[in-house]
Enquirer: 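Structure provided below as C-alpha cells; questions to follow.
Below, read A as the first sequence line, B as the second, and so on, with proteins coming before strands; counting in each chain starts at 1. Basis for what follows: all heavy atoms, side chains included, without hydrogens, waters or symmetry-related copies.
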2 protein chains.
Amino acid sequence: MATMKDVAKAAGVSTATVSATLSGACFVSPELQARVATAIDALGYQRNSVASGLKLGRTSLIGLVVSDVTNPFFTELVQSVQDLARSRGYSVLLGISDHSVEREAELLRLMRSHQAEGTILCPAGAVEDYSSLRLNFGRMKVVAVDNASPELPFDTIALENDKAAKLAVQHILSFGHRRLAIMSGPAHQFVSQRRLDGFLAALKEKNLKADPAFIRRGDFRIEDAHRSCAELIARPKRPTAIFVANNLMLIGVMRALAEARLSVPGQVSVASIDDFPWSSAFHPALTVVRQPIALMATAALDCLLRRMEGDESAPTRQTFEPELIVRHSCAKPGAER
Amino acid sequence: MATMKDVAKAAGVSTATVSATLSGACFVSPELQARVATAIDALGYQRNSVASGLKLGRTSLIGLVVSDVTNPFFTELVQSVQDLARSRGYSVLLGISDHSVEREAELLRLMRSHQAEGTILCPAGAVEDYSSLRLNFGRMKVVAVDNASPELPFDTIALENDKAAKLAVQHILSFGHRRLAIMSGPAHQFVSQRRLDGFLAALKEKNLKADPAFIRRGDFRIEDAHRSCAELIARPKRPTAIFVANNLMLIGVMRALAEARLSVPGQVSVASIDDFPWSSAFHPALTVVRQPIALMATAALDCLLRRMEGDESAPTRQTFEPELIVRHSCAKPGAER
DNA sequence: GCTAGTCAGCTAATCGATTAGCTAAACGTT
DNA sequence: AACGTTTAGCTAATCGATTAGCTGACTAGC
C-alpha cells in the first residue's frame, strides 16, 4: 500500500503538506492541493488508521461486548449501536462473551489493547464481578447496558425491569389466572432479580403467592428453558399461565408446550419480555413487553461519547420505559386437568 | 496507560528486554524476567496493539461485512466467525451494509484503513459491482460468503443454492401440489437467481410451469414479502404452496397468511430456505432447508487465513450441501377457494 | 535600502513496540 | 595469557501519520 511519503514524493511536496491537505487544508495553495489529490488517486492512497491512531491517541474504534448475538435483543442492539457509531465516525469491534465473566474480562482487555476509545458492555456477571473496573479501564471508557445494576462503578443504561415484568404479569392476571409460573434468568444477574421482583410484586397486589415450584431458574437460553418448562407442565397441577423473562427462553417454552400438545392460550397463557420480529408472525401472536432498544443504544453511545470527551462526573443511571404489546397468547384460564 | 518504556524503567532494563520477555523470552534470564513481570503488573501494563500493529504490519483484526445482522442467517454467521476468529487470535471489526453496495464499498475501505488483515464479505450486489476488487484489496485479503457468484474475482463460499431450492420444492411437490408460488430475492443477486433456478428446475421435472404471477420478487426482507404475499393470496386463484427464498421473507409470508386467516399447512403449504431457532417452536413447525452455517464460516476463515499467509493462487470456489428439515408446514393441497 | 511581518511549505521529532546490530562479560581452549 | 566464541542485554532505527517549530520568499512601511 502506498504511504503518505509516496504521495508526497509523487506530488513533489512534503508529507506535512499531504497531511494538511487531507485534514482541512488550512494553508495549502489550490495548486498543491490539486497535485496532492492527483497523486492520491493515482496511487490509490488511503490513510493508515493504525499509524494515525498511534500518533493521535484516537483510533475511532469502540468496543461492543454482548453475551450472545443470537439473542434478538442483542442482535438489535448490535444493529443500532453499529448504525449510530457509523454515523458518528466510529467503527465497532465486536466481542461475544458467551455468558462467561472470564471471557468478558478478556474481551475488555482486548478492546483496551486495541485502544478502543470506549466500550459498551452488556455484563453477564453479578455486581461484584465489576468492582475492579471504573469509569475508565485504562484510558478506555465503559458503559453498561441491559444487566446493569445501579451499584456498578460506571454509567448504566437499563430497562425498568421490575416494571416490565409487572406489566406482563398484571396483564396475565387480568384474565383471572391464579396459578402462574415464571421462567426466570440466572440468579446472580441483576436483571433476573428485578424481573422476578416485578413478577412477585404483581402477584402480591392480587394477594397471590407464587408456588415455589413455579419459580424456575433458567439461564436465558433456549435449551434449559425447554427442559425446565417440560418438567413444569408435567406436574400434576400445572400452571395456567407462564411469564417468561426473556425471548430465548420463550422459544424453549413454546417448544415444550408444542411438544406437550398444550394449546396457547387455550390451555396455557404465555407472556414474555423482549419483542422480536417473529413474535407477530407466530401462531398465536405473542404478547410481550418491548424494550426501546434503539433508544437505549442511543443513550449508551451518547453517554460513552460524553465520557470520551472527558466527562469524569459521577456515574449516571438511565432507565427506560417498557411497553406492553398485547397480542393473542394470553386468555382466560382454560379447562384444567 | 503505562507504556513499555515505563515498564523498562521500573524494572531497570531496556525496552528490548521487556519486549523479548513478552514475546517468547529467548535470551532473558529468569531474574530479569521476574523483574519485568513484577513491573508489568505493578503498572498494570498492557501491550498497545496499535503500536505493535504499526511496527509489525499485523493488526490481528479481520473485517466482517454483512448486509443485515437481524437476519438469523447472518446472526449465526457473525457468531461462528467471531468464535473461530477468537480461537485463532483475531478480533472482528463488524460492518453492516444494509444491502447497499455503496455502503459496502465504504466499509471495505474502512476495514482496509484500519489495516484489517482480511475481510469476510457477504456481498449485497451483483457480480459487476466487484470487478474492481481482486484477491487483495490493498494488502487486505477478501473472501465472499453467501451471495457469492463463481465469477467473482476472489474466493467464494456458498450454499448449493439451486439444489437447496430444489429440495424444498420437490418436497412440496411430493404432496401433489400443482400451483406453487415463489417469494424470490432481488433479481440482481446471484443467490436469488440460483434459488429461482432450483425452483423452476423442480417444477420442470414434474412437467409443471410456473404461473408468472406466482414468481414474486422480494428484497430478502420482511415488509416487502409481507405485502407481496398479501397480494398473492388475494388473487382469485391463489397458490396452494409457497416456497420462500429466505428466512426474513418467511416471517413476512407467515404474517400475511396469519392475517388472511389461512391455515398452514391446511390451506397453504410453506417451505423456505434457512433454518433458525424459532422454526421448530413455530406452530406449525416449519419445514426448511438448512445451510451448514458453522461449516461455511470455518471454510471462509480458513480460506482467508490461507490467503493472509500469502497464498496467491487462483480464486477457489467452495459450495456446501443443503439439508432439508421436514417439519409440519407442508401437506396435501387443501380445499381450494 | 533595510527591517519587520506574514505565511506557504518544509524538517524533524514524536507516538509505542519491535528488532537488527552492537557491546561487553564470561567461558573454554591452546 | 591471549584469543575466539557465546550469549545477555542494550542502542537506535523503524513502521506511517501528525505537527511544533523553522525557513525563506514576499510585502509593506519607513
Enquirer: Taking 4.0 Å as the cut-off, does a side-chain nitrogen or oxygen of A:Ser29 come that near to OP1 or OP2 on C:dG9?
Expert: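 Affirmative; the distance criterion is met.
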
Enquirer: Can you measure B:Gln46 atom CD to C:dA17 atom C1' for me and round it to whole angstrom units?
Expert: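 Between C1' of C:dA17 and CD of B:Gln46: 14 Å.
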
Enquirer: Starting at atom CG of A:Leu54, determine the distance to atom C1' of C:dC15, rounded to an integer number of angstrom.
Expert: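 Those two atoms, CG and C1', are 4 Å apart.
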
Enquirer: So what does A:Val13 touch, heavy atoms closer than 4.0 Å: a base, only the sugar-phosphate, or nothing?
Expert: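 Touches sugar-phosphate only.
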
Enquirer: Between the side chains of A:Gln82 and A:Tyr90, is a donor N or O closer than 3.5 angstrom to an acceptor N or O?
Expert: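 Not at all, the side chains of A:Gln82 and A:Tyr90 share no donor-acceptor pair under 3.5 Å.
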
Enquirer: Got a list of protein N/O to nucleotides 21-25 of chain D N/O distances below 3.5 Å?
Expert:
none

Enquirer: Please give, in whole Å, the distance from D:dC15 P to A:Asp6 CG?
Expert: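 So the CG-P distance, A:Asp6 to D:dC15, works out to 11 Å.
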
Enquirer: Can you find a heavy atom in the side chain of A:Met140 that is under 4.5 Å from one in the side chain of A:Met308?
Expert: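 When only atoms from C-beta onward are counted, A:Met308 and A:Met140 do not touch, as no gap falls below 4.5 Å.
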
Enquirer: Can a donor-acceptor pair be found between the side chains of A:Ser14 and A:Thr17 at a distance below 3.5 Å?
Expert: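 A donor-acceptor contact under 3.5 Å links the two side chains.
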
Enquirer: Please report, rounded to the nearest Å, how far the P atom of D:dA17 is from the NZ atom of A:Lys5.
Expert: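 Between P of D:dA17 and NZ of A:Lys5: 10 Å.
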
Enquirer: Could you list the residues that satisfy side-chain contact (heavy atoms from CB on, under 4.5 Å) with B:Asp6, not counting sequence neighbours?
Expert: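 Checked B:Asp6 against side-chain contact (heavy atoms from CB on, under 4.5 Å); matches are B:Ala2, B:Thr3, B:Leu43.
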
Enquirer: Whether the side chain of B:Asp41 engages the backbone of B:Gly44 through a donor-acceptor N/O pair (distance < 3.5 Å, no angle test) should be reported.
Expert: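 Not a single qualifying donor-acceptor pair exists.
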
Enquirer: Rounded to whole Å, how long is the line connecting atom CG of B:Leu32 with atom C1' of D:dT7?
Expert: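 After rounding, the reported distance stands at 13 Å.
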
Enquirer: Does a donor on one side chain sit under 3.5 Å from an acceptor on the other, for B:Ser52 and B:Ser49?
Expert: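 On atom types as modelled, these side chains do not qualify, holding no pair under 3.5 Å.
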
Enquirer: Looking only at atom types and distance, does a side-chain atom of B:Glu117 sit under 3.5 Å from a main-chain N or O of B:Ser60, one as donor and one as acceptor?
Expert: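 Judged by distance alone, yes, a pair lies under 3.5 Å.
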
Enquirer: Rounded to the nearest Å, what distance is computed from the CZ atom of residue B:Arg139 to the P atom of nucleotide D:dC15?
Expert: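 Rounded to the whole Å, the gap is 12 Å.
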
Enquirer: In B/S/- notation, 5' to 3', how is nucleotides 18-26 of chain C contacted by protein heavy atoms closer than 4.0 Å?
Expert: BB-------

Enquirer: Should we say atom CD of A:Glu106 is surrounded by more than 12 heavy atoms from elsewhere, each under 6.0 Å from it?
Expert: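 Atom CD in A:Glu106 is crowded, with more than 12 foreign heavy atoms closer than 6.0 Å.
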
Enquirer: On DNA chain D, nearest-nucleotide positions of B:Ser14 versus A:Ala2: which is more 5'?
Expert: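 Of the two residues, B:Ser14 wins.
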
Enquirer: Would you kindly say whether B:Asp98 and B:Ser100 are connected by a side-chain donor-acceptor distance under 3.5 Å?
Expert: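 Not at all, the side chains of B:Asp98 and B:Ser100 share no donor-acceptor pair under 3.5 Å.
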
